[in-house]
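Given the structure is predicted, the values throughout are model-derived calculations rather than measurements.
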Amino acid sequence: MTAHPALGLVDAIAARLAHPDIVPRGSRTLSSDRQHLAYGPPGIALLHIELAANGRGPWHRAHDWLAAASRQPLTSGPDSHPFYGVPAFAHALTCAADHLPGSYQRALDAIDGQIAVDVGRRLDAAHRRIDAGRLPQLAEFDAIRGLTGYGAYLLRRDPGSSTMRAVLDYCVHLTEPITHHGETLPGWWTETGPSGSPDDRFPGGHANTGMAHGIGGVLALLALAARNGSAINGHYAAVRTILTWLDRWREKVDDGPVWPYWVTRGELRRGHLAPSAPRRPSWCYGTAGLARAQQLAALVLGDASRQIDAENALVAAFTDPEQLKATTDNGLCHGFAGLAHTAARTADDAHPSTAGKLRAAIPALLTAVTPPGTNPELMATALIKDEKVGPGLLDGAAGIALALLAPSTAASPQSAWDACLLIA
(Lines give C-alpha, C1' and ligand atoms only; values in the text may rest on other atoms or scores of the structure.)
Protein backbone atom coordinates (compact mmCIF):
# COMPACT_ATOMS: atom_id res chain seq x y z
CA MET A 1 0.00 0.00 0.00
CA THR A 2 1.32 3.47 -0.87
CA ALA A 3 1.77 5.81 2.10
CA HIS A 4 -0.88 8.52 2.39
CA PRO A 5 0.15 12.19 1.88
CA ALA A 6 -0.63 12.73 5.59
CA LEU A 7 2.74 11.11 6.24
CA GLY A 8 4.32 14.37 5.06
CA LEU A 9 2.66 16.15 7.98
CA VAL A 10 4.07 13.54 10.38
CA ASP A 11 7.60 14.23 9.17
CA ALA A 12 7.09 17.99 9.20
CA ILE A 13 5.85 17.98 12.79
CA ALA A 14 8.71 15.76 13.88
CA ALA A 15 11.25 18.08 12.26
CA ARG A 16 9.79 21.12 14.02
CA LEU A 17 9.83 19.28 17.34
CA ALA A 18 13.29 17.82 16.82
CA HIS A 19 14.68 19.35 20.01
CA PRO A 20 13.22 21.11 23.07
CA ASP A 21 15.30 24.21 22.36
CA ILE A 22 13.41 24.95 19.13
CA VAL A 23 9.91 24.97 20.64
CA PRO A 24 8.36 28.41 20.02
CA ARG A 25 8.94 31.04 22.68
CA GLY A 26 6.13 31.43 25.17
CA SER A 27 5.13 27.78 25.01
CA ARG A 28 4.11 26.22 28.32
CA THR A 29 5.67 22.96 27.19
CA LEU A 30 8.89 23.29 29.16
CA SER A 31 7.46 25.16 32.15
CA SER A 32 4.03 24.47 33.63
CA ASP A 33 3.45 21.44 31.36
CA ARG A 34 6.93 19.94 31.74
CA GLN A 35 5.62 16.86 33.59
CA HIS A 36 2.39 16.43 31.65
CA LEU A 37 1.93 13.53 29.24
CA ALA A 38 -0.93 15.31 27.50
CA TYR A 39 0.80 18.62 26.80
CA GLY A 40 4.51 18.44 27.62
CA PRO A 41 7.80 16.69 26.88
CA PRO A 42 6.77 13.13 27.86
CA GLY A 43 4.11 13.09 25.13
CA ILE A 44 6.42 14.68 22.56
CA ALA A 45 9.05 12.07 23.44
CA LEU A 46 6.52 9.39 22.46
CA LEU A 47 6.47 10.75 18.90
CA HIS A 48 10.23 10.46 18.54
CA ILE A 49 10.28 7.04 20.24
CA GLU A 50 7.76 5.71 17.74
CA LEU A 51 9.59 7.25 14.78
CA ALA A 52 12.91 5.85 15.96
CA ALA A 53 11.38 2.41 16.50
CA ASN A 54 10.10 2.64 12.91
CA GLY A 55 13.49 3.65 11.59
CA ARG A 56 12.09 7.04 10.58
CA GLY A 57 14.04 9.15 13.07
CA PRO A 58 17.08 9.15 15.38
CA TRP A 59 16.93 7.98 18.98
CA HIS A 60 18.72 11.05 20.27
CA ARG A 61 15.59 13.15 19.67
CA ALA A 62 13.61 10.93 22.01
CA HIS A 63 16.37 11.09 24.61
CA ASP A 64 16.51 14.90 24.40
CA TRP A 65 12.80 15.18 25.14
CA LEU A 66 13.00 12.66 27.98
CA ALA A 67 15.87 14.67 29.42
CA ALA A 68 13.82 17.87 29.14
CA ALA A 69 11.00 16.24 31.12
CA SER A 70 13.33 15.06 33.89
CA ARG A 71 15.64 18.06 34.14
CA GLN A 72 14.06 18.89 37.50
CA PRO A 73 12.54 16.50 40.06
CA LEU A 74 9.30 14.84 39.01
CA THR A 75 6.16 14.87 41.13
CA SER A 76 5.07 11.66 42.86
CA GLY A 77 2.51 10.88 45.54
CA PRO A 78 -1.02 12.29 45.68
CA ASP A 79 -0.23 15.22 43.36
CA SER A 80 0.78 12.89 40.51
CA HIS A 81 -1.37 10.72 38.27
CA PRO A 82 -0.99 8.64 35.08
CA PHE A 83 -0.80 11.76 32.91
CA TYR A 84 1.26 13.92 35.30
CA GLY A 85 4.55 13.52 37.12
CA VAL A 86 6.39 10.27 37.70
CA PRO A 87 3.74 7.96 36.11
CA ALA A 88 3.54 10.09 32.95
CA PHE A 89 7.31 10.08 32.57
CA ALA A 90 7.37 6.34 33.30
CA HIS A 91 5.09 5.61 30.35
CA ALA A 92 7.37 7.41 27.91
CA LEU A 93 10.51 5.95 29.45
CA THR A 94 9.12 2.42 29.23
CA CYS A 95 8.25 2.89 25.56
CA ALA A 96 11.88 3.82 24.90
CA ALA A 97 13.33 1.07 27.11
CA ASP A 98 11.32 -1.56 25.20
CA HIS A 99 13.53 -0.85 22.17
CA LEU A 100 16.80 -0.09 23.93
CA PRO A 101 17.61 -3.18 26.04
CA GLY A 102 19.45 -2.27 29.22
CA SER A 103 18.72 1.43 28.94
CA TYR A 104 16.91 3.38 31.65
CA GLN A 105 16.54 0.28 33.84
CA ARG A 106 17.84 1.81 37.08
CA ALA A 107 15.49 4.76 36.69
CA LEU A 108 12.55 2.50 35.84
CA ASP A 109 13.19 0.24 38.84
CA ALA A 110 13.08 3.24 41.17
CA ILE A 111 10.02 4.66 39.43
CA ASP A 112 8.16 1.35 39.59
CA GLY A 113 8.76 1.16 43.32
CA GLN A 114 7.32 4.63 43.79
CA ILE A 115 4.32 3.86 41.57
CA ALA A 116 3.56 0.69 43.55
CA VAL A 117 3.52 2.72 46.77
CA ASP A 118 1.28 5.40 45.25
CA VAL A 119 -1.12 2.84 43.79
CA GLY A 120 -1.29 1.06 47.14
CA ARG A 121 -2.31 4.28 48.87
CA ARG A 122 -4.96 4.99 46.24
CA LEU A 123 -6.36 1.48 46.54
CA ASP A 124 -6.54 1.74 50.33
CA ALA A 125 -8.48 5.00 50.03
CA ALA A 126 -10.80 3.52 47.38
CA HIS A 127 -11.63 0.48 49.46
CA ARG A 128 -12.30 2.63 52.52
CA ARG A 129 -14.70 4.62 50.37
CA ILE A 130 -16.40 1.46 49.10
CA ASP A 131 -16.71 0.03 52.63
CA ALA A 132 -18.31 3.29 53.78
CA GLY A 133 -20.90 3.10 50.97
CA ARG A 134 -19.81 6.39 49.42
CA LEU A 135 -19.79 7.16 45.69
CA PRO A 136 -16.44 7.52 43.87
CA GLN A 137 -14.89 10.57 42.32
CA LEU A 138 -14.00 10.25 38.62
CA ALA A 139 -10.35 10.80 39.52
CA GLU A 140 -10.42 7.68 41.69
CA PHE A 141 -10.87 5.33 38.75
CA ASP A 142 -10.51 7.06 35.37
CA ALA A 143 -7.85 6.54 32.70
CA ILE A 144 -6.33 10.01 32.92
CA ARG A 145 -6.03 10.55 36.67
CA GLY A 146 -7.08 7.33 38.33
CA LEU A 147 -6.52 3.65 38.94
CA THR A 148 -7.51 2.57 35.43
CA GLY A 149 -4.65 4.66 34.05
CA TYR A 150 -2.24 3.12 36.55
CA GLY A 151 -3.54 -0.30 35.50
CA ALA A 152 -2.67 0.45 31.87
CA TYR A 153 0.94 1.08 32.92
CA LEU A 154 1.19 -1.92 35.25
CA LEU A 155 -0.27 -4.24 32.62
CA ARG A 156 2.78 -3.55 30.48
CA ARG A 157 5.44 -3.40 33.18
CA ASP A 158 4.44 -6.22 35.53
CA PRO A 159 1.12 -7.86 34.59
CA GLY A 160 1.49 -10.66 37.12
CA SER A 161 2.30 -8.43 40.08
CA SER A 162 0.23 -8.24 43.23
CA THR A 163 -0.29 -4.53 42.55
CA MET A 164 -1.75 -5.24 39.11
CA ARG A 165 -4.05 -7.90 40.54
CA ALA A 166 -5.14 -5.47 43.25
CA VAL A 167 -6.04 -2.85 40.62
CA LEU A 168 -8.08 -5.42 38.70
CA ASP A 169 -9.79 -6.52 41.91
CA TYR A 170 -10.72 -2.89 42.53
CA CYS A 171 -12.14 -2.62 38.99
CA VAL A 172 -14.27 -5.71 39.62
CA HIS A 173 -15.61 -4.17 42.85
CA LEU A 174 -16.31 -0.91 41.01
CA THR A 175 -18.85 -2.69 38.82
CA GLU A 176 -20.91 -3.83 41.80
CA PRO A 177 -24.07 -1.78 42.46
CA ILE A 178 -24.15 0.65 45.34
CA THR A 179 -27.16 1.88 47.32
CA HIS A 180 -27.01 5.62 47.89
CA HIS A 181 -29.80 7.45 49.72
CA GLY A 182 -32.09 4.48 49.11
CA GLU A 183 -31.46 4.36 45.35
CA THR A 184 -29.50 1.58 43.62
CA LEU A 185 -26.80 2.98 41.34
CA PRO A 186 -23.95 1.49 39.32
CA GLY A 187 -20.76 1.40 41.36
CA TRP A 188 -19.09 4.00 39.17
CA TRP A 189 -21.81 6.63 39.68
CA THR A 190 -20.36 9.96 40.76
CA GLU A 191 -22.14 12.88 42.42
CA THR A 192 -20.34 15.48 40.29
CA GLY A 193 -20.51 16.61 36.69
CA PRO A 194 -18.16 15.24 34.01
CA SER A 195 -15.51 17.80 34.98
CA GLY A 196 -15.22 16.10 38.35
CA SER A 197 -16.62 19.17 40.11
CA PRO A 198 -20.15 19.84 41.39
CA ASP A 199 -22.32 20.96 38.48
CA ASP A 200 -25.87 22.32 38.62
CA ARG A 201 -26.50 20.77 35.20
CA PHE A 202 -26.06 17.32 36.78
CA PRO A 203 -28.28 17.24 39.87
CA GLY A 204 -27.71 13.89 41.47
CA GLY A 205 -24.55 13.32 39.46
CA HIS A 206 -24.02 10.99 36.51
CA ALA A 207 -22.60 7.71 35.23
CA ASN A 208 -19.78 8.49 32.83
CA THR A 209 -19.36 6.10 29.88
CA GLY A 210 -16.23 7.63 28.34
CA MET A 211 -12.83 6.07 27.77
CA ALA A 212 -10.98 8.99 29.34
CA HIS A 213 -13.09 9.54 32.45
CA GLY A 214 -15.68 6.78 32.63
CA ILE A 215 -16.51 3.11 32.68
CA GLY A 216 -15.40 2.67 29.05
CA GLY A 217 -11.80 2.85 30.18
CA VAL A 218 -12.41 0.29 32.92
CA LEU A 219 -13.97 -2.07 30.36
CA ALA A 220 -10.96 -1.67 28.08
CA LEU A 221 -8.50 -2.35 30.91
CA LEU A 222 -10.37 -5.48 32.00
CA ALA A 223 -10.51 -6.72 28.40
CA LEU A 224 -6.83 -6.03 27.74
CA ALA A 225 -5.83 -7.72 30.99
CA ALA A 226 -7.88 -10.81 30.16
CA ARG A 227 -6.36 -10.86 26.68
CA ASN A 228 -2.95 -10.78 28.37
CA GLY A 229 -3.83 -13.77 30.56
CA SER A 230 -4.20 -11.68 33.71
CA ALA A 231 -7.86 -12.33 34.57
CA ILE A 232 -8.84 -12.64 38.24
CA ASN A 233 -11.91 -13.88 40.11
CA GLY A 234 -15.01 -12.02 38.99
CA HIS A 235 -13.20 -10.58 35.98
CA TYR A 236 -15.52 -11.79 33.23
CA ALA A 237 -18.63 -11.07 35.27
CA ALA A 238 -17.44 -7.47 35.63
CA VAL A 239 -16.89 -7.23 31.87
CA ARG A 240 -20.42 -8.48 31.25
CA THR A 241 -21.85 -6.05 33.81
CA ILE A 242 -20.36 -3.09 31.95
CA LEU A 243 -21.48 -4.45 28.58
CA THR A 244 -25.02 -4.88 29.91
CA TRP A 245 -25.02 -1.24 31.03
CA LEU A 246 -23.81 -0.05 27.63
CA ASP A 247 -26.43 -2.23 25.91
CA ARG A 248 -29.09 -0.70 28.14
CA TRP A 249 -28.24 2.85 27.03
CA ARG A 250 -27.34 2.21 23.41
CA GLU A 251 -29.37 4.24 20.93
CA LYS A 252 -30.11 3.38 17.32
CA VAL A 253 -29.55 6.09 14.75
CA ASP A 254 -29.97 5.86 10.97
CA ASP A 255 -26.51 4.47 10.29
CA GLY A 256 -25.86 2.42 13.42
CA PRO A 257 -25.78 2.37 17.23
CA VAL A 258 -24.34 5.19 19.34
CA TRP A 259 -23.66 5.44 23.06
CA PRO A 260 -24.17 8.47 25.29
CA TYR A 261 -21.27 10.31 26.87
CA TRP A 262 -23.01 9.87 30.23
CA VAL A 263 -26.31 9.04 31.91
CA THR A 264 -27.82 11.59 34.32
CA ARG A 265 -29.88 10.88 37.43
CA GLY A 266 -33.02 12.09 35.68
CA GLU A 267 -32.38 9.79 32.71
CA LEU A 268 -31.73 6.87 35.04
CA ARG A 269 -35.05 7.45 36.82
CA ARG A 270 -36.98 7.91 33.56
CA GLY A 271 -35.32 4.93 31.96
CA HIS A 272 -34.41 6.70 28.74
CA LEU A 273 -32.02 9.35 27.47
CA ALA A 274 -32.96 12.96 26.86
CA PRO A 275 -32.93 14.00 23.17
CA SER A 276 -29.58 15.36 22.02
CA ALA A 277 -27.84 16.48 18.86
CA PRO A 278 -25.39 14.08 17.18
CA ARG A 279 -22.10 13.97 19.08
CA ARG A 280 -18.61 13.44 17.78
CA PRO A 281 -17.45 9.79 17.90
CA SER A 282 -14.17 10.48 19.68
CA TRP A 283 -11.69 8.41 21.67
CA CYS A 284 -12.33 10.26 24.94
CA TYR A 285 -16.13 10.11 24.71
CA GLY A 286 -18.55 8.47 22.35
CA THR A 287 -18.69 5.70 19.81
CA ALA A 288 -15.08 5.47 18.64
CA GLY A 289 -13.49 4.65 21.99
CA LEU A 290 -16.45 2.65 23.26
CA ALA A 291 -16.69 0.54 20.11
CA ARG A 292 -13.01 -0.37 20.43
CA ALA A 293 -13.47 -1.25 24.13
CA GLN A 294 -16.44 -3.45 23.28
CA GLN A 295 -14.56 -5.13 20.46
CA LEU A 296 -11.74 -5.97 22.90
CA ALA A 297 -14.27 -7.28 25.41
CA ALA A 298 -15.99 -9.40 22.74
CA LEU A 299 -12.65 -10.89 21.73
CA VAL A 300 -11.91 -12.14 25.25
CA LEU A 301 -15.46 -13.41 25.69
CA GLY A 302 -15.37 -15.22 22.33
CA ASP A 303 -18.54 -13.36 21.31
CA ALA A 304 -18.23 -12.97 17.54
CA SER A 305 -21.68 -11.40 17.20
CA ARG A 306 -20.87 -8.62 19.68
CA GLN A 307 -17.48 -8.12 18.05
CA ILE A 308 -19.01 -7.62 14.62
CA ASP A 309 -21.67 -5.30 16.04
CA ALA A 310 -18.98 -3.13 17.68
CA GLU A 311 -16.93 -3.00 14.50
CA ASN A 312 -19.94 -2.11 12.39
CA ALA A 313 -20.82 0.64 14.89
CA LEU A 314 -17.39 2.11 14.28
CA VAL A 315 -17.80 1.91 10.50
CA ALA A 316 -21.17 3.63 10.83
CA ALA A 317 -19.71 6.41 12.98
CA PHE A 318 -16.93 7.05 10.48
CA THR A 319 -19.35 7.29 7.58
CA ASP A 320 -22.23 9.17 9.25
CA PRO A 321 -22.18 12.79 7.99
CA GLU A 322 -23.90 14.06 11.15
CA GLN A 323 -21.37 12.51 13.52
CA LEU A 324 -18.46 13.60 11.36
CA LYS A 325 -19.89 17.13 11.19
CA ALA A 326 -19.69 17.24 14.99
CA THR A 327 -15.96 16.47 14.78
CA THR A 328 -14.31 19.86 14.47
CA ASP A 329 -10.58 19.38 15.05
CA ASN A 330 -7.71 17.13 14.05
CA GLY A 331 -6.39 16.02 17.45
CA LEU A 332 -5.79 12.60 18.94
CA CYS A 333 -8.27 12.96 21.79
CA HIS A 334 -11.40 13.97 19.88
CA GLY A 335 -10.38 14.79 16.32
CA PHE A 336 -9.96 13.19 12.92
CA ALA A 337 -6.41 11.94 13.52
CA GLY A 338 -7.60 10.08 16.60
CA LEU A 339 -10.44 8.53 14.62
CA ALA A 340 -8.01 7.32 11.96
CA HIS A 341 -5.77 5.73 14.58
CA THR A 342 -8.70 4.07 16.34
CA ALA A 343 -9.91 2.73 13.00
CA ALA A 344 -6.50 1.26 12.25
CA ARG A 345 -6.17 -0.37 15.68
CA THR A 346 -9.68 -1.80 15.48
CA ALA A 347 -9.12 -3.09 11.94
CA ASP A 348 -6.01 -4.98 13.09
CA ASP A 349 -8.24 -7.16 15.30
CA ALA A 350 -11.40 -7.08 13.22
CA HIS A 351 -13.53 -9.96 12.00
CA PRO A 352 -12.92 -10.75 8.30
CA SER A 353 -16.40 -9.49 7.48
CA THR A 354 -15.69 -5.99 8.83
CA ALA A 355 -11.93 -5.46 8.56
CA GLY A 356 -12.13 -4.28 4.97
CA LYS A 357 -14.89 -1.79 5.75
CA LEU A 358 -12.87 -0.31 8.60
CA ARG A 359 -9.77 0.06 6.46
CA ALA A 360 -11.84 1.59 3.67
CA ALA A 361 -12.94 4.36 6.07
CA ILE A 362 -9.38 5.41 6.92
CA PRO A 363 -8.39 7.37 3.76
CA ALA A 364 -11.28 9.82 4.18
CA LEU A 365 -10.33 10.41 7.81
CA LEU A 366 -6.73 11.09 6.81
CA THR A 367 -7.87 13.44 4.07
CA ALA A 368 -9.97 15.34 6.61
CA VAL A 369 -6.71 16.15 8.40
CA THR A 370 -4.67 16.93 5.29
CA PRO A 371 -7.00 17.93 2.42
CA PRO A 372 -5.58 18.09 -1.11
CA GLY A 373 -3.29 21.07 -1.46
CA THR A 374 -2.17 21.03 2.19
CA ASN A 375 1.37 22.31 2.71
CA PRO A 376 2.71 20.00 5.46
CA GLU A 377 5.41 22.41 6.59
CA LEU A 378 3.04 25.34 6.95
CA MET A 379 0.43 23.21 8.68
CA ALA A 380 2.98 21.78 11.14
CA THR A 381 4.20 25.25 12.05
CA ALA A 382 0.66 26.54 12.49
CA LEU A 383 -0.32 23.64 14.75
CA ILE A 384 2.68 24.02 17.01
CA LYS A 385 2.26 27.78 17.32
CA ASP A 386 -1.52 27.61 17.91
CA GLU A 387 -2.09 28.33 21.61
CA LYS A 388 -5.20 26.11 21.66
CA VAL A 389 -3.44 23.19 20.01
CA GLY A 390 0.28 23.46 20.70
CA PRO A 391 2.93 20.78 20.38
CA GLY A 392 1.59 18.18 22.82
CA LEU A 393 0.09 14.71 22.68
CA LEU A 394 -3.59 14.79 23.56
CA ASP A 395 -4.82 17.74 21.50
CA GLY A 396 -1.69 18.96 19.77
CA ALA A 397 0.82 18.40 17.00
CA ALA A 398 2.74 15.44 18.47
CA GLY A 399 -0.48 13.51 19.02
CA ILE A 400 -1.71 14.27 15.52
CA ALA A 401 1.56 13.00 14.07
CA LEU A 402 1.49 9.83 16.16
CA ALA A 403 -2.14 9.14 15.31
CA LEU A 404 -1.51 9.60 11.58
CA LEU A 405 1.56 7.39 11.37
CA ALA A 406 0.07 3.89 11.51
CA PRO A 407 -2.97 4.58 9.29
CA SER A 408 -0.79 6.43 6.78
CA THR A 409 1.63 3.53 6.40
CA ALA A 410 -0.75 0.59 7.02
CA ALA A 411 1.78 -0.70 9.60
CA SER A 412 1.02 -1.26 13.26
CA PRO A 413 2.78 0.96 15.83
CA GLN A 414 6.20 -0.31 16.78
CA SER A 415 6.09 1.10 20.31
CA ALA A 416 3.34 0.92 22.93
CA TRP A 417 2.81 4.68 22.87
CA ASP A 418 -1.00 4.35 22.77
CA ALA A 419 -1.21 1.96 25.73
CA CYS A 420 -2.06 5.01 27.85
CA LEU A 421 -5.27 5.33 25.79
CA LEU A 422 -6.30 1.73 26.56
CA ILE A 423 -7.03 0.93 22.92
CA ALA A 424 -4.14 -1.55 22.53
Side-chain angles (χ1 to χ4, degrees), residues 4-6 9-10 13 38 143-144 194 208-214 216-217 220 250-262 273 275-295 310-347 357-374 379-380 382-383 386 388-390 392-408 418 421-423:
H4 192 276
L9 179 61
V10 175
I13 290 171
I144 300 292
N208 197 297
T209 62
M211 287 285 281
H213 298 299
R250 178 180 57 202
E251 289 189 297
K252 180 73 174 176
V253 297
D254 290 343
D255 293 309
V258 298
W259 291 270
Y261 287 7
W262 46 68
L273 297 169
S276 65
R279 289 173 165 168
R280 60 192 178 195
S282 56
W283 163 75
C284 53
Y285 280 106
T287 301
L290 281 174
R292 172 59 169 166
Q294 290 178 82
Q295 179 204 37
E311 293 160 1
N312 278 327
L314 202 58
V315 172
F318 292 160
T319 54
D320 177 5
E322 293 302 312
Q323 291 187 67
L324 293 178
K325 191 186 300 181
T327 305
T328 57
D329 69 88
N330 291 322
L332 169 62
C333 182
H334 44 249
F336 284 105
L339 297 184
H341 184 73
T342 303
R345 275 301 202 185
T346 306
K357 291 186 286 186
L358 280 164
R359 295 199 185 281
I362 290 175
L365 298 172
L366 295 175
T367 299
V369 181
T370 54
T374 296
M379 185 175 181
L383 286 170
D386 186 334
K388 292 183 179 180
V389 176
L393 174 70
L394 210 55
D395 299 314
I400 291 171
L402 273 167
L404 292 177
L405 186 58
S408 294
D418 56 354
L421 304 177
L422 289 160
I423 61 172

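- Applying the side chain to side chain donor-acceptor pair (under 3.5 Å) criterion to R280, with sequence neighbours excluded, gives no partner residue.
- Taking CG of D395 as the start and CG of L383 as the end, the distance is 11.5 Å to the nearest 0.5 Å.
- Atom NZ of K252 has more than 12 neighbouring heavy atoms from other residues, nucleotides or ligands inside a 6.0 Å radius.
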Under the criterion side-chain contact (heavy atoms from CB on, under 4.5 Å), I'd like the reasoning laid out for T327 against S282: C-alpha separation, chi angles, the key distance, then a yes or no.
CA-CA 8 Å; T327 305; S282 56; over 6 Å; no
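- When all heavy atoms are compared, the tightest approach of V10 to A401 is CG2-O, 3.5 Å.
- By the ring pair (Phe, Tyr, Trp, His ring centres under 6.0 Å) test, Y285 is found to be paired with Y261, W262, residues two or more places apart in sequence or in another chain being considered.
- Residue I13 holds its CD1 atom at 4.0 Å from CG of L9, rounded to the nearest 0.5 Å.
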Contacts under 3.5 angstrom, residues 331-347 side chains, donor-acceptor by atom type, not counting sequence neighbours:
from	atom 1	to	atom 2	distance (Å)
H341	NE2	D418	OD2	2.7
T342	OG1	G338	O	2.9
R345	NE	D418	OD2	2.8
R345	NH2	D418	OD1	3.1
R345	NH2	D418	OD2	3.3
T346	OG1	T342	O	2.7

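- In this structure, the side chain to side chain contact (heavy atoms under 4.5 Å, CB included) partners of A316, at least two apart in sequence or on a different chain, are D255.
- Note on residues 324-335: pairs passing salt bridge (Lys or Arg N to Asp or Glu O under 4.0 Å), not counting sequence neighbours, are E322-K325.
- For A220, the side chain to side chain contact (heavy atoms under 4.5 Å, CB included) partners are M211, A293, L422, not counting sequence neighbours.
- In this structure, CG on L314 lies 10.5 Å from CD on Q294, to the nearest 0.5 angstrom.
- Taking every heavy atom of both residues into account, A368 and N330 meet most closely at O-OD1, 3.8 Å.
- Evaluation of the side chain to side chain donor-acceptor pair (under 3.5 Å) rule for Q323 yields D320 as partners, not counting sequence neighbours.
- Not a single side chain to side chain donor-acceptor pair (under 3.5 Å) links T319 to another residue, sequence neighbours left out.
- V369 approaches M379 most closely through the heavy-atom pair O-CE, 3.2 Å.
- In this structure, the separation between CH2 on W283 and CD1 on I423 is 8.5 Å, given to the nearest 0.5 Å.
- By the side chain to side chain contact (heavy atoms under 4.5 Å, CB included) test, T209 pairs with W245, L246, L290, sequence neighbours left out.
- Evaluation of the side chain to side chain donor-acceptor pair (under 3.5 Å) rule for R250 yields no partner, not counting sequence neighbours.
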